[in-house]
Each structure stands twice: as structure tokens, then as C-alpha cells.
There are 2 protein chains.
Amino acid sequence: MSEFTPARLEILHAAAECFMEQGFHATSIDVVARRMGATKGRVYHHYPSKVDLFFDVHRLGMDLLFSAVEPARHAPGDALEVLAAMMKAHALAMFEHHAFESVVVQGVQLHRFGALTPRQHQELEALIATRDQFEALFKEQASAARRAKLLANVDVSIAVKTLLGGLQWSLIWYRPEIDDSAKNRERLAEAMVRTLLLGLAARA
Amino acid sequence: MSEFTPARLEILHAAAECFMEQGFHATSIDVVARRMGATKGRVYHHYPSKVDLFFDVHRLGMDLLFSAVEPARHAPGDALEVLAAMMKAHALAMFEHHAFESVVVQGVQLHRFGALTPRQHQELEALIATRDQFEALFKEQASAARRAKLLANVDVSIAVKTLLGGLQWSLIWYRPEIDDSAKNRERLAEAMVRTLLLGLAARA
DNA sequence: GTCTATATGGTGATAGAC
DNA sequence: GTCTATCACCATATAGAC
């Protein structure tokens, strides 16, 4: 549907940062344009409305998540090690594409965007379906680990929601401008994965 | 500073639901008033501005969290069992006061509210400090558990952020209107706590 | 205390020059 | 493709009637 042309990518990056900092409704097309050193004529030339712009940021954010996690699905090791690799890849992707993934989370929370055209409504449904597919990747992998007797006796659905929540909450406290070294991101991601997989309680 | 009088509580409940559903910026004072079957004159009589109203919702939301977790801090058992009780109380409070706690999380994410008066800026700082205090409760308890050799070898700061994220993410997927029985909430809270404390990986 | 009416400013979106 | 100029609308907040 929408192609990520260079001109659009520049707009998407500016928009992602604005949406992250101020939220969808508080962000005006003017400030998105000003962040690029342009005026809103440029934005409206490439996007018919603010909602469509938001949806495209969301779409790119999801693409980046899938691209990050997909290779990890074929990582070597047993089903639990694959799950761990997927979690780590997910965490790293959120650090690396902080603004875009913040917008994705914002999209999860927003219940109403105002009046939507039929086409926009359809695109929103598609985005929600994409989020469910992403969660399903983890649910399937966790189920595989369970079949291999590698998983604790937990409700897989709730456990997956909980672990994704634990990872995604890093969007709140991670400050990309403070310490964005690759080494530090690795350390944080591994610490989160370790906590979620092994738990806080000491193992006997 | 602000007292939760009955008249104000009615406004706060209506506002919490509107803020949850539509977000701060998209919520107009008109719809808050309409939800009470009133007009905005009533709201402005009790609150000088929308920001002040939002802050008071946030404040009540934090009060409810502290009130829920405080008793659990004196629960019987070792340091780890106390931590578990605190986590469960926190989860239950978020189910029970879903709208208010959604607004609290929203406040965590919002970086800019627009222009704030000096007094409002000061109140915002106080709210942020309150959130830090709440997190500190869990950090201290986790440290106590570590001193008692009950904790796994994890970074306490990251582990606490991760576990709070796992719990708080339930605000996204929990639907209070679907199944709000006390029994179901207990089940969900216990499943989350169990996952976070014991981890997903099977124990040898 | 609660209402209606209104002042004021900002935002999404469009039209048309270059 | 990008800009300026402009319109129509909506939200915050205020003033004053009841």
C-alpha cells in the first residue's frame, strides 16, 4: 500500500519523535514540518491526513519489530533458547527504534482517533491484526518450549503478555540520549531477558 | 493541597474514564461534563484548568496505589513473600481502579503538557517524585530479599523496572467490562506474580 | 453552584503561486 | 514538490445571568 520512499521516511522520522514526545493529539502537522525545517505543505503533499501519517509511523514501527525478531526465530538451540533470542532481539529493537516503538505502544492505548474514513478504519484493523500476529509469534514459541518440557507450569497466554509488558515498559525508562552504546543496550536487554526467564526468586 | 470532596470525586471519576479512553489532549472538558450530565461550568467551578484536573486524577490514582500496597508491606513471611504480596496487591489495585491507573501510566508517558504555570510545574515534579517513591518501595523490598539470599543473581534496579512493567502492562489487555469478578482478578494477578517471581523457564 | 454565551487562540486541511 | 495564505472548526477559559 504505502511505500517508504526517502521523502516519506524523513517525514516519518520527524513525526515519530513528535508523536513520542507530545502524543498524537497534541502534535500538530506544523511542528512535524518545522522539525524538518519545512512547512506543512510538504507533509500534506505526501500524506492526506494526520491519521494516515500516524498509521504509517505505526506500520514502519511494526515492520522494524518483525524484521528484528524474525532472524531470532531460526536461532540455534532448544525452544527456550530460541524464545530467549526473540526476546533479546525485541528488546534491542525497541532501544534502537525508540521513537517508532513508542508510537506503536501509543497506538495500542489509543481507543479513539476521532472520525475515520472506511479506508482508515480498515487500515486500523490491519494494524491491530499485525500486533496480534506479533504477540502470536511469542505465544507459539512459548508453547513449543512447553511441549519440550522446558517451560514452567504457567498460563502461556498470561505469561507471554507479562513478559512482553516487562520488555516494552523499557520504552518508558530507557533514555536513548543518555547511554546509547551498543554494549550498554546489550547489557540491559540481557538483564531483562534473564529476569523474565529465570525469575526473581533464587533457584534452589 | 487539593481535597477529594464528593463533588470533586464525581468529576474525577468521569475525567478518569475520558482520559483513559481518549487521552489527555483529545479529551475536552465538554465531554467530561457531559458524562456527568452537566456542562463545563461545573467542572471549571471546581478545577481551574484541564491540566489541574488531570493532575488530580493522577494524584488520586497514586494514592490508591499506595493504599493498596502499604498493607502488603507488613504481610507475614520472608522478604520474598512480602515482595510477592506487594506485587499481587499492586496488580489487583490496577484491575480495580483501571481508569485511574491508566491515567497514571499516561502521565508517565507524556513528556509535555504545554505551557505550565510555576505552580503546575511544581505539582508535576511532585507527582514524578511520588512515582519514584512507589518504585522505591519495590526496590527496597527486592534488596531486602537479596540480603536474605532469597533473590536470584539479577540487577535489582532493572529487575524491578521489568517486573513493574510486566504488571502494569495489564492495563493494556485487561478488560474490566468483560470479566470483573473478584475471583478472576485474583487468578490473573497470581498468574502474573508467579511468572515474574519464578520465571518462564522450568525449574530443574 | 450551575448554567449560557462568548472571547480568543490554535489546528487540520485546502487552494493556488512559484 | 514546496511554499504562503486562508478557511472553517473546535477547545480552553472567562464573564455574567440565574
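FYI, side chains are in, hydrogens and waters are out, and symmetry mates aren't considered; it's all heavy atoms of this structure. Every chain is numbered from 1, with letters handed out A, B, ... down the list of sequences.
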Under 3.5 Å, is there a donor-acceptor pair linking the side chains of N184(A) and S181(A)?
no
Aromatic ring pairing Y174(B)/F95(B), orientation class (parallel under 30°, perpendicular over 60°, tilted between)
tilted
Parallel, tilted or perpendicular, judged at 30° and 60°: which one describes the rings of F24(A) and F19(A)?
tilted
Taking [X] first and then [Y], would you say they form a salt bridge - that is, a charged N and a carboxylate O separated by under 4.0 Å?
X: E186(A); Y: K183(A); value: no
X: R8(B); Y: E3(B); value: no
X: E123(A); Y: R119(A); value: yes

Decide side chain to side chain donor-acceptor pair (under 3.5 Å) for H90(B) and Q168(B); before the verdict, give the C-alpha distance in whole Å, the side-chain angles of both, and the deciding distance to 0.1 Å.
CA-CA 9 Å; H90(B) 182 35; Q168(B) 274 148 0; 3.3 Å; yes
Using the rule given for salt bridge (charged side-chain N to carboxylate O under 4.0 Å, His left out), can you reason through D155(B) versus K161(B), listing the C-alpha separation, both sets of side-chain angles and the distance that settles it, and then say yes or no?
CA-CA 10 Å; D155(B) 179 315; K161(B) 286 183 196 304; over 6 Å; no
Along DNA chain C, first and last positions that approach a heavy atom of chain A under 4.0 Å
dT11(C) to dT14(C)
Tell me which residues in residues 36-49 of chain A lie within less than 4.0 Å of DNA chain D, going by non-hydrogen atoms.
A38(A), T39(A), G41(A), R42(A), H45(A), H46(A)
Rounded to whole Å, please give me the gap between [atom1] in [X] and [atom2] in [N].
X: F54(B); N: dT12(D); atom1: CZ; atom2: P; value: 14 Å
X: H25(A); N: dT12(D); atom1: NE2; atom2: C1'; value: 17 Å
X: I29(B); N: dT14(D); atom1: CD1; atom2: P; value: 11 Å

